[in-house]
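Keep in mind that the numbers below use all heavy atoms, side chains included, and drop hydrogens, waters and symmetry copies.
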Amino acid sequence: MLLEEARNFINKMPCHPDVVGWATLLSSCRVHGDMEIGKWATDSLIELEPQNPATYLLLSSLYSAKGTWNEVAHWMKYKGKVHVFSAHDQSSPFLGQIYAELEKLNCKMIEEGYIPDMSSVLHDVEESEKIKMLNHHSEKLVIAFGLIFVPPGLPIWVIKNLRICGDCHKATKFISKITQREILVRDAVRFHLFKDGTCSCGDFW
């Protein structure tokens with residue numbers, strides 16, 4: 001209730017808060033588990049300071065507090081809005097386009113010699129189901145989103161709150177080669193710059 005009052009108050013202000021004000025609101029959302037207002041505060045923070053890593057850490061803490069840390073793994077800023085993706089995501093309004101892009105990418109990757117890394121799937125399921133799960137890992141969802149909407153020639157930036165899995169690392173190298181796009185992934189350990197089929201980490205991370 002207090003957070004809703006805070007949002008109404010901000011909307012009535014002649015000028016919106018500065019970075020400190022938005023960060024305070026986002027921290028309060030983490031404490032009270034308010035995802036909706038938290039996302040609103042995050043969008044506003046990123047609009048003011050898009051390169052500030054503290055914003056993404058606060059967003060990660062919000063999801064962690066809600067018990068969805070292991071589910072929500074990637075996000076990307078597009079047109080001033082943060083787009084969050086989780087494995088098998090069904091919430092994005094661009095879902096049809098994203099899955100269609102993934103299918104095209106997967107066919108091209110297989111033609112180039114890509115073999116899914118089954119060790120990245122910990123669930124005890126059939127091999128065909130494991131392949132499907134790998135194809136819909138959240139990193140691949142957000143990369144497909146970037147390929148669709150980020151203009152050619154610009155790098156695709158992905159923020160990840162967990163360590164990149166072996167299959168996604170391998171697949172992203174193939175994707176960077178096939179699409180001739182630079183893909184920068186910031187995971188929980190380091191930065192990875194994928195370009196022309198290689199990664200800046202040298203496959204050690």
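Under the 4.5 Å side-chain contact rule for hydrophobic residues, Val189 and Trp157 do not share a cluster.
Closest non-hydrogen pair, Gly197 versus Ser176, comes out as N-OG, 3.0 Å. Counting all heavy atoms, side chain and backbone alike, Ile175 lies closest to Thr179 at O-OG1, 2.7 Å. When all heavy atoms are compared, the tightest approach of Asp187 to Arg163 is OD2-CA, 3.8 Å. Between Ala171 and Lys140 the shortest heavy-atom distance is CB-CE, 3.6 Å. Heavy atoms only, all atoms of each residue included: Trp40 and Arg7 are closest at CZ3-CG, 3.4 Å. Between Val150 and Pro155, the closest heavy-atom pair is CG1-O, 3.8 Å.
To the nearest 0.5 Å, the span separating CD1 on Ile159 from CG on Leu184 amounts to 7.5 Å. Residue Cys29 holds its SG atom at 9.5 Å from CD of Glu36, rounded to the nearest 0.5 Å. From Leu2, atom CG reaches atom NE2 of His32 across 6.5 Å, with rounding to the nearest 0.5 Å. Remark: Ile37 CD1 to Glu4 CD distance equals 4.5 Å, nearest 0.5 Å. Note: His137 NE2 to Ile143 CD1 = 12.5 Å, rounded to the nearest 0.5 Å. Residue Lys104 holds its NZ atom at 4.5 Å from CD of Glu101, rounded to the nearest 0.5 Å.
In this pair, Phe145 and Phe149 present their aromatic rings tilted. The plane angle is within the 30 to 60° band.
In this structure, the side chain of Ser200 does not engage the main chain of His192 through any donor-acceptor pair within 3.5 Å. With Arg181 contributing its side chain and Leu154 its backbone, the two residues share a donor-acceptor pair below 3.5 Å.
Taking the side chain as every heavy atom from C-beta outward, Cys201 and Arg190 approach each other to under 4.5 Å. Taking 4.5 Å as the limit, some side-chain heavy atom of Leu25 sits within range of a side-chain heavy atom of Leu3. Side-chain contact between Asn106 and Leu102 is absent, with no heavy-atom pair separated by less than 4.5 Å. Asp203 has its side chain within reach of Lys173: a pair of non-hydrogen atoms, C-beta onward, lies under 4.5 Å apart. Residues Asp18 and Leu48 have side chains not in contact (no heavy-atom distance under 4.5 Å, counting atoms from C-beta outward). Met13 places a side-chain heavy atom less than 4.5 Å from the side chain of Phe9.
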side-chain contact (heavy atoms from CB on, under 4.5 Å) evaluation trace for Trp22 with Ile10: CA-CA 10 Å; Trp22 286 117; Ile10 290 171; 3.7 Å; yes
His16 vs Ser44, side-chain contact (heavy atoms from CB on, under 4.5 Å): CA-CA, chis, key distance, verdict: CA-CA 9 Å; His16 278 183; Ser44 301; 5.6 Å; no
Test log, rule side-chain contact (heavy atoms from CB on, under 4.5 Å), inputs Asp196 and Gln180: CA-CA 6 Å; Asp196 298 325; Gln180 288 298 292; 3.2 Å; yes
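With respect to Glu111 and Lys108, no salt bridge is recorded, no charged nitrogen being found less than 4.0 Å from a carboxylate O.
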